[in-house]
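Only heavy atoms go into these numbers, but all of them, side chains included; no hydrogens, no water, no symmetry mates.
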Amino acid sequence: MIEGIPIYHFLVVSTIMFFVGVCGFIIRRNLITMLMAVELILNSVNINFVVFNRYLYPDQLQGHFFTLFIVAVAATEAAVAIALIINIYRRFKNIEVQNVSEMKY
């Protein structure tokens with residue numbers, strides 16, 4: 001399916017996704033968009049694992065297993081983060097980052 005596509009095309013897409021995720025995490029103040037930025041970063045790492053596995057070790061599956069592990073960790077992280085965000089919204093009626101520091105008191 002990906003024969004004939006050079007590896008650097010995948011790496012460019014992965015790099016763009018990674019830096020868009022980093023910028024989204026730094027710039028945005030909404031907790032949901034920050035969570036989506038983290039997911040974007042993790043997906044760019046997944047692309048790197050799969051592509052390097054495909055091009056360097058095509059008969060082995062280590063990259064695919066690492067990707068499955070990252071997907072499981074990302075799903076768990078998203079579930080916990082969404083539960084926290086729902087509780088923050090119930091308490092403060094918005095999900096801006098400034099309100100999270102007020103939860104200590």
Pick out which of Tyr57, Phe49, Phe52 makes a ring-ring contact (aromatic ring centres under 6.0 Å, His included) with Phe66.
->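 Output: one option passes, namely Phe49.
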Could you please spell out the steps behind the side chain to side chain contact (heavy atoms under 4.5 Å, CB included) verdict for Met36 and Arg28?
-> CA-CA 10 Å; Met36 291 169 49; Arg28 302 299 294 217; over 6 Å; no
Hydrophobic clustering (ILVMFWY, side-chain heavy atoms < 4.5 Å, transitive) - are [Y] and [X] grouped together?
X	Y	answer
Leu35	Ile86	yes
Val50	Val45	no
Ile27	Val20	no
Phe25	Phe19	no
Val73	Leu68	no

Checking side chain to side chain contact (heavy atoms under 4.5 Å, CB included) against Phe18, which of Leu42, Ile41, Val13 comes through?
->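 That would be Ile41.
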What's the shortest heavy-atom distance between Met17 and Asn43, and which atoms?
-> CE-CB, 3.8 Å
What are the two closest heavy atoms between Leu11 and Thr15, and how far apart are they?
->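 Residues Leu11 and Thr15, closest heavy atoms: O-OG1, 2.7 Å.
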Carefully, step by step, assess Asn46 and Phe69 under the rule side chain to side chain contact (heavy atoms under 4.5 Å, CB included).
-> CA-CA 10 Å; Asn46 286 339; Phe69 181 72; over 6 Å; no
Do the rings of Phe10 and Tyr55 sit parallel, tilted or perpendicular, given the 30° and 60° boundaries?
-> tilted
CD1/Ile32 to CD1/Ile95 distance, rounded to the nearest 0.5 angstrom?
-> 4.5 Å
